[in-house]
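Remember, it's a predicted structure, so these values are computed and weren't measured experimentally. So you know, we letter chains A, B, ... as the sequences are listed, proteins then strands, and number each from 1.
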Amino acid sequence: MRLLTHNMLSSNIKGVTNGFPLRIEVEKVVEKSVDFNPDFLKNMFAKIEYKALVEASRIMGYAELPDHAEPSMLESDDFLRKFHHALMELHLEEGTLVCPETGRRFPVNKGVPNMLLHEDEV
Amino acid sequence: MLQILSTKQLTTRFIHTGARILNKKEMAVRQASLGGVDVDLETKTNVEKLKRGIAEFYDESSGIWEDIWGDHMHHGFYDPNSTISLSDHRAAQVRMIEEALKFASVPEDPMKKPKSIVDVGCGIGGSSQYLARKYGTECTGITLSPVQAERARALAAAQGLENKVSFEVADALNQPFPDGKFDLVWSMESGEHMPEKAKFVNELARVAAPGARIIIVTWCHRNLSSSEQSLNPDENKLLDKICDAYYLPTWCSTDDYVKLLQSLSLQDIKAADWSEYVAPFWPAVIRSALTWKGITSLILSGWKTIKGAMVMPLMMKGYKKGLIKFAIITCRKPE
């Protein structure tokens, strides 16, 4: 699971008002090289929650991403590359995503998150 | 004295038994599924059983399907009365995707094209890969089957699309996404598995961004006339047998979907019956199952897959009678 995916997942357990972002517990992180695509990144920047990305990348062991970002920073190659690395190249292979309100744990195995809810959670 | 039954008799009895049990318990779900009311505990348990059945069916069957047919697990779109060879079917499956996008008027203009896509009931990711490549954007797919999700991931990686497509094990009735995330909400032949149609459509609408297109391609039963309250008993009997083998809840009609979309104030609602364009599909699947490779693969796969294969002629019968419809329903979420 890369952080672009993490940035779009939320816990929708019954009664939860804000299930985003899910807290990450790392067991195994893999860095995978991905082609750098500035246009794609610029499109994605508008769609993601930047703060959640920063926090998540820190937990995954990458501390280079600045705390705050403005759209104007997308013109800087240096920022774009850091953004690219955090968003696309850090993969959680094994670990857990935790609901910020209930503490419910969603496993991530072989890079695939299992977000199925139990009967009493819907 | 032992009664020796033929394989056909054994199979028919098994399917009948299974179908009766499903039918009794699904009645409550039909009311609830169309009306959107809360379901009771017994119904909830049956829904859980259905979801497990769906996951297990695809865990067991995906491999053999992929082996013979490839990564698209949906019908092909054919010109009526055409004759096709097996190699043309993949092109027809790709055409199905393109025709659906065209029907829904999904923009191709770089400024207006979808920038985020969800594939609801993604199988092994055939559509996800195609859509991500076509629009040059990211797509995420959800499936109840962990085997499918893992396979989808591996296939996408093999195609160099690992950065554009992702997959999660998740429930289409409770999608793990915040509201308004996706510019294109895609459900290609997964709607027929959804036990609560109102909830299913609600979730599609919820995760759609303002201005997004929602595309549902699914199996429905014929529309009821104004004097009818339900299908006739023979029709229900045929559908029940199919439901049991494919882990389908009670069917609804194309009109039912249109009404649900209307109730959510979605716009540009369009629906069509594409049954004539998919007619060559089931005969082709049956032929592929009867090849040496097909038969040996089925024997090795498991009972769920075999049962699914044996019910294929019933699908053809259903289409021929005008009972089963291959439907497309699309709409747009208001800005």
Side-chain angles (χ1 to χ4, degrees), chain A residues 1-14 16-22 30 32-49 52 84-85 87-93 97 99 104 106-122, chain B residues 38-39 41 43-45 47-49 51-52 55 110-111 113-116 118 132 135-138 140-154 156-157 160-171 173-183 196 199 203 206-207 209:
Chain A
M1 181 203 72
R2 58 194 195 291
L3 294 185
L4 174 58
T5 306
H6 168 258
N7 208 271
M8 67 174 80
L9 291 175
S10 85
S11 159
N12 294 335
I13 295 170
K14 189 169 67 179
V16 165
T17 39
N18 190 9
F20 177 90
L22 296 160
V30 171
K32 299 190 190 186
S33 175
V34 170
D35 285 346
F36 180 67
N37 184 338
D39 286 330
F40 177 79
L41 292 167
K42 287 173 185 176
N43 282 333
M44 284 300 118
F45 184 81
K47 287 194 160 273
I48 60 142
E49 297 290 323
H84 168 77
H85 186 70
L87 195 68
M88 309 293 286
E89 296 189 319
L90 300 172
H91 284 258
L92 185 69
E93 281 292 305
L97 301 175
C99 172
R104 154 72 142 103
F106 299 96
V108 179
N109 297 120
K110 297 189 204 164
V112 173
N114 188 325
M115 305 300 299
L116 291 175
L117 300 178
H118 303 137
E119 279 167 54
D120 55 347
E121 290 173 324
V122 306
Chain B
D38 277 340
V39 294
L41 185 61
T43 315
K44 260 195 180 176
T45 312
V47 167
E48 284 310 304
K49 239 171 100 181
K51 287 177 190 173
R52 258 200 315 277
M111 292 301 291
K113 68 179 183 180
K115 307 261 181 340
S116 58
V118 64
Y135 296 112
T137 190
E138 62 92 16
T140 194
I142 58 174
T143 168
L144 286 174
S145 161
V147 167
Q148 281 193 329
E150 170 55 26
R151 184 65 188 144
R153 191 191 178 214
L161 283 171
E162 209 179 7
N163 55 324
K164 288 230 156 68
V165 295
S166 62
F167 301 97
E168 298 85 45
V169 174
D171 186 351
L173 298 189
N174 289 289
Q175 295 189 35
F177 310 115
D179 300 354
K181 262 282 162 198
F182 302 104
D183 301 322
E196 294 162 65
K199 199 153 185 233
E203 279 292 277
R206 179 181 73 77
V207 303

| request: Could you go through the side-chain contact (heavy atoms from CB on, under 4.5 Å) check for A/M44 and B/T137 one step at a time? | output: CA-CA 9 Å; A/M44 284 300 118; B/T137 190; 4.0 Å; yes

| request: Below 4.5 Å from any heavy atom of chain A, which atoms of B/S166 appear? Answer side chain, backbone, both or neither. | output: both

| Shortest non-hydrogen contact between B/P178 and A/S10, atoms and distance | N-OG, 3.6 Å

| query | Can you tell me how far the NZ atom of A/K14 sits from the CG atom of B/N174, to the nearest 0.5 Å? | reply | 10.5 Å

| task | Sort A/H118 into side chain, backbone, both or neither according to what part of it lies under 4.5 angstrom from a heavy atom of chain B. | result | neither

| query | Quick one: what part of B/K51 sits under 4.5 Å from any heavy atom of chain A, side chain, backbone, both or neither? | reply | neither

| said: So which atom in A/L116 and which in B/D171 form the shortest heavy-atom distance, rounded to 0.1 Å? | reply: CD2-N, 3.6 Å

| message | Show the nearest heavy-atom pair for residues B/A149 and A/V112, with the distance to one decimal. | response | CB-CG1, 3.7 Å

| field | Under 4.5 Å from a heavy atom of chain B, the part of A/M8 involved | value | both

| Between A/D35, A/N114, A/V34, the one whose heavy-atom pairs under 4.5 Å with chain B are most numerous | A/N114

| task | Would you mind checking which part of B/V165 comes under 4.5 Å of any heavy atom in chain A, side chain (CB onward), backbone (N, CA, C, O), both or neither? | result | backbone

| query | Given the options A/K32, A/E119, A/M88, which has more heavy-atom pairs under 4.5 Å with chain B than any of the others? | reply | A/E119

| message | Can you list everything that forms a ring pair (Phe, Tyr, Trp, His ring centres under 6.0 Å) with B/F177? Sequence neighbours excluded, please. | response | B/F182

| request: Could you pull out all residues at least two apart from B/R153 that satisfy salt bridge (charged side-chain N to carboxylate O under 4.0 Å, His left out)? | output: A/E93, B/E162

| query | At a heavy-atom separation under 4.5 Å, does B/E168 approach chain A through its side chain, its backbone, both, or neither? | reply | both

| Region of B/E138 in contact with chain A, defined by heavy-atom distances below 4.5 Å | both

| query | Who pairs with B/R206 by salt bridge (charged side-chain N to carboxylate O under 4.0 Å, His left out), at least two apart in sequence or on another chain? | reply | B/D179, B/E203

| task | Enter the distance from B/Q175:CD to A/L117:CG here, rounded to the nearest 0.5 Å. | result | 11.5 Å

| query | What are the residues of residues 36-43 of chain A, in order of number, with any heavy atom under 4.5 angstrom from a heavy atom of chain B? | reply | A/N37, A/F40, A/N43

| task | With a 4.5 angstrom heavy-atom cut-off, could you sort out which part of A/L4 is near chain B: side chain, backbone, both or neither? | result | side chain

